[in-house]
Amino acid sequence: MPRRDPAIPDDAASRIAAWQRRAGRHGLPWQHTRDPYRVWLSEIMLQQTQATTVVPYYERFLTLFPTVVDLADAPQDAVLRAWAGLGYYARARNLHRCAQALRDEHGGRFPATAADLAQLPGIGPSTAAAVAAFAYGERAPILDGNVRRVLARYFAIEGDPATARTARRLWSHARALVDAAPADLDMAAYTQGQMDLGATVCTRTRPDCARCPLSPDCRARIEGRQGELPTPRARRAQPLRHCWMLIAECEGRVLLERRPDTGIWGGLWALPQFEDEAALEAVCAGLAAAGPPLSLASIEHVFTHFRLRIQPLWLRIPDDAPTPAEANQAWVGIGNLADHGMPAPVARLLDGLYDGTPLPR
DNA sequence: GAGTCGTGGTC
DNA sequence: TGACCAAGACT
């Protein structure tokens, strides 16, 4: 039995739950269900992703894969195609692996506790707790970006949020807040309430303390330190990397290449990519084009830890020329490009080149 | 335990 | 407009 922290008011969690029922968010499509499949799917998509971005993907997934077994039975390529554009593609690969594990080792059903959920691929401690709280009412604390901000202010917890030390403190307080609450705490409303508070009231800039149920005993508010908590994460300068991408076109088809499962854009279809122009031109030499590739306008894509400047080169190949392909490559009709899950900048590149524009002949 | 992994919204 | 970061997990 965890020790109750006397410094934590026993009604703090209940205030959050009551506030959620009265003033929290209620219209999101994954709310008001206890179906663990829907809860799990939404929680995976919502990792590091804002709710409004997730909505259309979530609904499309439920149409394509109505049950977890449908998802498990689908080819990985179909799952990645449906995920394309949402980012962090390891989530999609782990989602698929998790569905297969549930089908093959759990009779197609979800484990009934957060501890068992956390053993599955792609389900970490926070996602496991969220699924258990929403689907089963388990008293398991979550710790996502919203909760980190709310707790860092309420308890005045300092420290770089990226360090394990700060994470341990935050988890400890998240657990203590639940443990201090009465037995009848509405876990679904409480869990949702913490996230809603962080998303709509206890925002990064200009928190609206007048509308916050934690305001009376919030240490950051009492000490006037809302602006300096949570401690902003130390950030390094983002290096700028360059790459070249080949748009080889022949008879209305484009050469795509499936990326390896590990690394950036793992498992997605993309354009053949090169670290320098010479490597790209060496490949062009083997493609029997009539002339040299044509430079298109370069684009810049921003990742979390670097920026990538992409120089696309367009190579037209005569109709009667051979079009060799490696095992991980395919010549894809321009009308069928959308059938292939592609990274956002590659999709934008090809859209700009081909969307509605008849091919010059 | 720090680095890696996307994309888009917000101010 | 560029910094900041969002319902984090994995290695």
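In the text below, chain A, chain B and the rest are named by the order of the sequence lines, each starting its count at 1. Both backbone and side-chain heavy atoms feed into the values below; hydrogens, waters and symmetry mates do not.
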- Message: One character per nucleotide, please: for nucleotides 4-11 of chain B, 5' to 3', B when the base has a protein heavy atom closer than 4.0 Å, S when only the sugar-phosphate does, - otherwise.
- Response: SBBBSS--

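- Pairs of residues two or more places apart, or lying in two chains, that qualify as side-chain hydrogen bond (donor to acceptor under 3.5 Å, both in side chains) and include a residue from residues 213-222 of chain A are A:Arg15-A:Asp217, A:Tyr154-A:Asp217, A:Ser215-A:Arg221, A:Arg219-A:Glu223.
- Residue-environment remark: CZ (A:Arg60) exceeds the threshold of 12 foreign heavy atoms within 6.0 Å.
- A side-chain hydrogen bond (donor to acceptor under 3.5 Å, both in side chains) check over residues 66-84 of chain A, counting only residues at least two apart or in different chains, returns the pairs A:Thr67-A:Asp70, A:Asp73-A:Arg103, A:Gln76-A:Arg258, A:Asp77-A:Trp269.
- Environment of CD in A:Glu59: crowded, with over 12 heavy atoms of neighbouring residues, nucleotides or ligands closer than 6.0 Å.
- A distance of about 13 Å separates the P atoms of C:dA7 and B:dC11, rounded to the whole Å.
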Donor-acceptor contacts under 3.5 Å from residues 281-302 of chain A side chains, at least two apart:
unit_1, atom_1, unit_2, atom_2, d
A:Ser298, OG, A:Arg309, NH1, 2.6
A:Glu300, OE1, A:Arg309, NH2, 3.0
A:Glu300, OE2, A:Arg307, NH1, 2.9

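- Residues of residues 127-156 of chain A that place a heavy atom closer than 4.0 Å to DNA chain B do not occur.
- Near-neighbour residues of DNA chain C inside residues 38-46 of chain A, defined by a heavy atom below 4.0 Å, number-ordered: A:Glu43, A:Leu46.
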Just list the side-chain donor-acceptor pairs under 3.5 Å for residues 327-336 of chain A, sequence neighbours left out, or say none.
unit_1, atom_1, unit_2, atom_2, d
A:Gln329, OE1, A:Glu326, N, 2.8
A:Gln329, NE2, A:Glu257, OE1, 2.8
A:Trp331, NE1, A:Thr323, O, 3.1
A:Trp331, NE1, A:Pro324, O, 3.2

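- Counting only residues at least two apart or in different chains, ring-ring contact (aromatic ring centres under 6.0 Å, His included) contacts with residues 221-243 of chain A are absent.
- A:Asp186 is linked by a side chain to side chain donor-acceptor pair (under 3.5 Å) to A:Arg21, counting only residues two or more places apart in sequence or in another chain.
- Contact check for A:Phe303 versus A:Arg241: no side-chain heavy atoms found under the 4.5 Å cut-off.
- Legend: residues meeting ring pair (Phe, Tyr, Trp, His ring centres under 6.0 Å) with A:Tyr88, ordered by chain and number and at least two apart, are absent.
- Applying the ring-ring contact (aromatic ring centres under 6.0 Å, His included) test to pairs two or more places apart or on separate chains, those with a residue in residues 100-130 of chain A are A:Trp40-A:Phe110.
- Comparing A:Ala118 and A:Ala51 against DNA chain C, the residue whose closest nucleotide sits nearer the 5' end is A:Ala51.
- Remark: the A:Gln192 side chain and the A:Asp196 side chain contain an N/O donor-acceptor pair separated by less than 3.5 Å.
- Residue-level contact check: A:Gln192 touches the bases, meaning some heavy atom is under 4.0 Å from a base atom.
- For the 3.5 Å distance criterion, the side chains of A:Thr113 and A:Asp116 qualify, holding a donor opposite an acceptor.
- Nucleic acid contact class of A:Trp83 (heavy atoms, under 4.0 Å, all strands): none.
- When DNA chain C is scanned in the 5' to 3' direction for atoms under 4.0 Å from non-hydrogen atoms of chain A, the outermost contacting nucleotides are C:dC4 to C:dC10.
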